[in-house]
Amino acid sequence: MTAVEARHPRELRGGDVEHAGVRVTAAGGLLMSLLKLAERDGQPSWFRPWLEAERQAQQLRTYQPTLVPGLLQTENYARAMIRTDDLITDDEVERRLAVRLDRQSILSSPGHPKYIAVIEESVLRRADEGYRGLMAEQIAHLIECAERPHIGIHIVPTSVTMHVGLVGPFALARGADGGWVGHLENQLGGVVVDKDEDVAILLSRWESVRSEALPRRQSVELMKDVMTSWS
């Protein structure tokens, strides 16, 4: 397979699709359309289903034990995180950055979702001296976001040690029909979770991690304290 073939979907007989060397049956060519749409929008095919769920959501919930969630990242923080992948070019860094910043527009668009993020306190402190200004800016942005009525940011303090959320990050989206879908990311991509039993597990784990976090106002006060330490 050539590099071009690895990056782009190829339609096979009967509407099937070969993408990255994997053949997938696509009834009526629907998957082919989604893959092409994903490429047009600059999004990897594995992320497209979650992006659509995110755009249509009335509620969004995110738990992050290691990073500031993408929807809440500043431009400088996002660029620094994307640059940690030394396998991509500077142009690709800027392309991914533009896509991420554009994705954040759902929080300010008409009909924006209710968004609640739970973040570990350690995320706000994980950087060296060279990132003091960047981290102060990022935490100031989080505080500003938390003052908006449709955004809730809750911090799990470092005094909370072992809890179920540390297994890994996850997100949940509730659509207009009241149904939930989840999203799990890993080093190679991500997967949308829509089976009822799996979604139920994620909702239960959300309640667990949310119960470990500080209330909204206390979370803002903690963020202010941490921001001062970076200033």
Counting distance only, does the side-chain N/O of [X] pair as donor-acceptor with the main-chain N or O of [Y] below 3.5 Å?
X: T74; Y: Q138; result: no
X: R55; Y: I106; result: no
X: Q59; Y: I116; result: no
X: T84; Y: A80; result: no
X: S204; Y: A200; result: no

Rounded at 0.5 Å granularity, tell me how far [atom1] in [X] sits from [atom2] in [Y].
X: Q56; Y: R174; atom1: CD; atom2: CZ; value: 14.0 Å
X: T89; Y: D91; atom1: OG1; atom2: CG; value: 5.0 Å
X: L72; Y: I119; atom1: CG; atom2: CD1; value: 6.0 Å
X: I201; Y: D196; atom1: CD1; atom2: CG; value: 11.5 Å
X: T66; Y: L166; atom1: OG1; atom2: CG; value: 10.5 Å
X: Y63; Y: S208; atom1: OH; atom2: OG; value: 11.0 Å

Describe, in one word, how the ring planes of W50 and H183 are oriented to each other, choosing from parallel (under 30°), tilted (30 to 60°) and perpendicular (over 60°). parallel
Within the structure provided, determine whether [X] and [Y] are in side-chain contact (heavy-atom separation under 4.5 Å).
X: I153; Y: V118; answer: no
X: Q104; Y: Q73; answer: yes
X: D85; Y: E92; answer: no
X: P69; Y: Y115; answer: yes
X: H154; Y: L214; answer: no
X: L107; Y: H112; answer: no
X: M135; Y: Y77; answer: yes
X: R61; Y: F170; answer: no

Could you report the tightest heavy-atom contact between [X] and [Y], atom names first, then the distance?
X: A78; Y: R100; result: CB-CD, 4.0 Å
X: V199; Y: G182; result: CG2-N, 4.4 Å
X: P113; Y: L60; result: CG-CD1, 3.8 Å
X: I151; Y: C145; result: CB-O, 3.4 Å
X: P65; Y: S122; result: O-OG, 4.1 Å
X: A53; Y: A173; result: O-CB, 4.1 Å

Taking it one step at a time, do M227 and I143 satisfy side chain to side chain contact (heavy atoms under 4.5 Å, CB included)? CA-CA 10 Å; M227 183 178 68; I143 294 169; 4.2 Å; yes
Those residues at least two apart in sequence (or on a different chain) that pass salt bridge (Lys or Arg N to Asp or Glu O under 4.0 Å) with E212 are none
Does a donor on one side chain and an acceptor on the other come within less than 3.5 Å for N76 and E137? yes
Between R217 and E147, does the salt bridge (Lys or Arg N to Asp or Glu O under 4.0 Å) criterion hold? Intermediate values first, please. CA-CA 9 Å; R217 190 53 49 191; E147 298 293 345; 3.4 Å; yes
Using the rule given for side chain to side chain contact (heavy atoms under 4.5 Å, CB included), can you reason through V193 versus V181, listing the C-alpha separation, both sets of side-chain angles and the distance that settles it, and then say yes or no? CA-CA 6 Å; V193 177; V181 295; over 6 Å; no
Besides L97, the hydrophobic cluster formed by Ile, Leu, Val, Met, Phe, Trp and Tyr side chains linked at under 4.5 Å, directly or via other members, contains I82, I88, V93, L101
Sequence neighbours left out, cut at 3.5 Å: what donor-acceptor pairs do the side chains of residues 156-165 make with other protein atoms?
from, atom 1, to, atom 2, distance (Å)
T158, OG1, E121, OE1, 3.4
H163, ND1, G165, N, 3.1
H163, NE2, E120, OE2, 2.8

Run the side chain to side chain contact (heavy atoms under 4.5 Å, CB included) check on V123 and R126 step by step: do they pass? CA-CA 5 Å; V123 170; R126 181 178 292 114; 4.1 Å; yes
Does the pair E129/R132 count as a salt bridge with the N-to-O cut at 4.0 Å? yes
